[in-house]
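Below you'll find the structure, written out as structure tokens, and then a few comments.
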Amino acid sequence: MTVRTTRQLGAVLEAVNLRRDHPTAQEVYARVRQRLPRISRGTVYRNLSKLQQQRQIRIVRLAGRPARYDAVVHEHDHFVCEGCSAVEDLVTGNGRHPGAVDLRASGYVLRRRSITYFGLCPRCALCAKEG
Ligand SMILES: [Zn+2]
């Protein structure tokens, strides 16, 4: 890899990592451009898929919403606020997966789990109550 491609890849990774707020590809592009104003959208998107292949980031697919990118690559759940559209990480504690035992007993082979909760974050819930 050239110095330039390494720098571009690093800038994309940093843009995802920076605030842990699960940015969309469009948001990553906007952030990277603040540092590398001449980078193209295609380069940013290519680097996002390269980082994903290298398992340095992962993609969070949310039904009916643009995909988000996540710098936390171990298995974890998400909460999507329908008020402010924030996507937050949920800590899964002891790693027990409800329902997994039943699925295994029925002959399913579980490879990964991804649970997304939808609702209102505490801040939006407060606004809804007051409003
Ligand atoms: Zn996450």
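Ligands are counted one by one from 1 in listed order, and the atoms in each one are counted from 1 as well.
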Could you tell me which N, O or S atom of His76 is nearest to the Zn ion (ligand 1)?
-> NE2

How is the N/O/S atom of Asp89 that comes nearest to the Zn ion (ligand 1) named?
-> OD1

In terms of side-chain geometry, is the basic nitrogen of Glu14 or Arg35 positioned less than 4.0 Å from the acidic oxygen of its partner?
-> yes

With the threshold set at 4.0 Å, does a side-chain nitrogen-carboxylate oxygen contact exist between Asp89 and Arg68?
-> no

Metal-centred angle, NE2 of His78 through the Zn ion (ligand 1) to NE2 of His22, rounded to 10 degrees = 100°

May I ask you to test the Thr43-Asn47 pair for a side-chain heavy-atom distance under 4.5 Å?
-> yes

The Zn ion (ligand 1) to Asp70: nearest N/O/S atom name = OD2

Answer yes or no: is there a side-chain heavy-atom contact under 4.5 Å between Ser85 and Arg65?
-> yes

